[in-house]
Peer 1: 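Please find one structure pasted underneath; my questions will follow.
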Protein chains: 2
Amino acid sequence: MELKPIAERFVLHWGEMGSRWGVNRTVAQIHALLYLAGRPLDAEEITETLGVARSNVSTSLKELQAWNLARVVHLRGDRRDHFETSTDIWELFKLIVAGRRQREIDPTAVALRECLENPAIADEDEGTRQRIEETLKFIEIMCTLSDEMLRIRPETLMKTLGVSAKISKTFRKKG
Amino acid sequence: MELKPIAERFVLHWGEMGSRWGVNRTVAQIHALLYLAGRPLDAEEITETLGVARSNVSTSLKELQAWNLARVVHLRGDRRDHFETSTDIWELFKLIVAGRRQREIDPTAVALRECLENPAIADEDEGTRQRIEETLKFIEIMCTLSDEMLRIRPETLMKTLGVSAKISKTFRKKG
DNA sequence: CGTGTATTTCTGTCTTTACTGAAACAACTG
DNA sequence: CAGTTGTTTCAGTAAAGACAGAAATACACG
């Protein structure tokens with residue numbers, strides 16, 4: 001597949017941002033490609049389009065699947081695995097938030113709980129203990145909050161918070 | 001400063017998570033240290049406590065200042081710079097969100113706008129153009145939404161969204 | 001059950017980033 | 001204004017991560 005200029009620009013940009021988003025360039029590029037393509041692609045096609053090693057594509061697709069950002073589909077009469085991602089940006093957002101929370105927040109919540117359950121916490125300064133407690137509570141609240149927010153539709157969320165309905169309207173999907 | 005076991009555990013954990021949060025280990029460790037200490041520390045003290053090079057501390061403090069997560073304070077009768085961070089976790093959260101948005105979102109919003117303004121967009125597939133547009137709109141909405149959410153107190157936020165007041169109450173600061 | 005095709009795993013290389021220690025710089029102090 | 005203390009910059013090194021290419025594996029089909 002030959003990318004048209006703007007699509008290429010999008011894919012390359014996504015790749016550059018990948019490292020800031022906690023995934024490597026190739027993973028981000030592949031995701032961008034699947035998203036823009038809007039149809040299942042096989043690994044070979046991805047390899048050629050992006051100009052990276054076939055093995056790299058394989059590994060990256062594995063990682064995308066671990067994020068639930070890509071799934072395998074089969075086309076009739078074709079032995080090869082094909083991959084697709086959701087084209088619903090809100091759906092993608094939810095998956096990314098879930099993935100990041102799992103990688104960036106959950107381990108800390110666990111560690112903080114262990115800190116507070118450890119009898120040695122009694123030896124720490126009162127202020128230190130208090131701040132660790134507060135941090136854990138904050139994390140728990142934020143998790144609850146984000147769960148709640150991801151459950152409801154973004155339009156509802158905007159309305160609830162009294163954010164201008166104008167933007168909200170323009171956002172509503174065509175379907 | 002000699003760290004007690006739990007405080008050390010906290011600082012080391014924060015450091016390990018740093019890379020997932022988009023800052024390096026030392027930066028994250030220093031921030032954890034300042035947070036737990038709850039009082040201004042000078043660079044030398046940080047160096048000794050963490051066992052890293054003095055220059056590394058200097059660089060990392062610069063980065064923390066770039067995030068607005070640390071500020072210089074002076075103690076009377078002491079020539080040295082001292083550094084402190086907020087001990088208000090909600091305040092810290094807001095600063096971190098602001099910093100991450102600036103690094104992780106804003107460049108993409110700019111790039112997408114450029115894509116859509118480029119006349120070459122006309123040559124792209126209809127679906128591609130639509131998805132790029134949708135993505136930009138989504139990002140703009142999310143920015144508005146997060147601005148809105150960061151403005152109000154977390155307790156209010158919880159209430160607005162109808163999240164159990166129980167957790168919210170336990171969170172309320174002692175002060 | 002052998003052959004061709006698709007896919008993954010592995011090993012080494014390259015790139016990037018973090019970090020140290022030394023040197024340069026800046027700012028106070030007597 | 002020389003000495004002292006504090007801070008930053010810089011060059012080289014070490015560690016981590018990403019990636020390519022080869023080898024190995026799995027799988028479908030006759």
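Throughout, a chain's letter reflects where its sequence line sits, starting with A, and its residues are numbered from 1.
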Peer 1: Rounded off to whole Å, could you give me the CZ-to-P distance for the R80(A) and dG4(C) pair?
Peer 2: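 The answer, rounded to whole Å, is 18 Å.
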Peer 1: Report the distance from atom NZ of K62(A) to atom P of dT25(D), rounded to the nearest whole Å.
Peer 2: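 Roughly 16 Å, once rounded to whole Å.
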Peer 1: Using a strict threshold of under 4.0 Å (side-chain N to carboxylate O), is an ion pair present between R131(B) and E124(B)?
Peer 2: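 Salt bridge absent between E124(B) and R131(B).
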Peer 1: Round to the nearest Å and state the distance from D78(B) atom CG to dT5(D) atom C1'.
Peer 2: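 Between C1' of dT5(D) and CG of D78(B): 11 Å.
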Peer 1: Return the value, rounded to whole Å, for the distance between atom CZ of F83(B) and atom C1' of dG6(D).
Peer 2: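 One finds 10 Å between C1' of dG6(D) and CZ of F83(B), rounded.
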Peer 1: Looking at side-chain heavy atoms only, is the closest gap between T85(A) and I30(A) below 4.5 Å?
Peer 2: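 No, too far: nothing below the 4.5 Å cut-off.
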Peer 1: Can you check the L50(A) CG to dA20(D) P distance for me, whole Å?
Peer 2: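 Spelled out: CG on L50(A) to P on dA20(D) is 10 Å.
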Peer 1: Rounding to an integer number of Å, can you tell me how far D81(A) CG sits from dA28(D) C1'?
Peer 2: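 Whole-Å distance recorded here is 13 Å.
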Peer 1: Please report, rounded to the nearest Å, how far the C1' atom of dA18(D) is from the CD atom of Q29(A).
Peer 2: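 Going from CD in Q29(A) over to C1' in dA18(D) covers 12 Å.
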Peer 1: Answer yes when E134(A) and K137(A) have at least one side-chain N-carboxylate O distance shorter than 4.0 Å, and no when they do not.
Peer 2: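 No, this pair does not count.
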Peer 1: Using whole Å, what does the distance between atom P of nucleotide dT7(C) and atom CD1 of I30(A) come to?
Peer 2: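 Going from I30(A) (CD1) to dT7(C) (P), I get 13 Å.
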Peer 1: Please list all pairs passing the ring-ring contact (aromatic ring centres under 6.0 Å, His included) test where one or both residues lie in residues 55-89 of chain A, with sequence neighbours left out.
Peer 2: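 ring-ring contact (aromatic ring centres under 6.0 Å, His included) check on residues 55-89 of chain A returns no pairs.
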Peer 1: Do Y35(A) and F10(A) make a side-chain contact, defined as non-hydrogen atoms from C-beta onward lying under 4.5 Å apart?
Peer 2: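 A side-chain contact exists here, since the closest heavy-atom pair is under 4.5 Å.
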Peer 1: Quick one, give me the B/S/- string for nucleotides 17-30 of chain C, reading 5' to 3', where B means a protein heavy atom under 4.0 Å from the base and S means that only happens at the primed atoms, P, OP1 or OP2.
Peer 2: -SSBBB----BSS-
Peer 1: Does a salt bridge link E45(A) with R39(A), judged by any charged N lying under 4.0 Å from a carboxylate O?
Peer 2: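 R39(A) and E45(A): salt-bridged.
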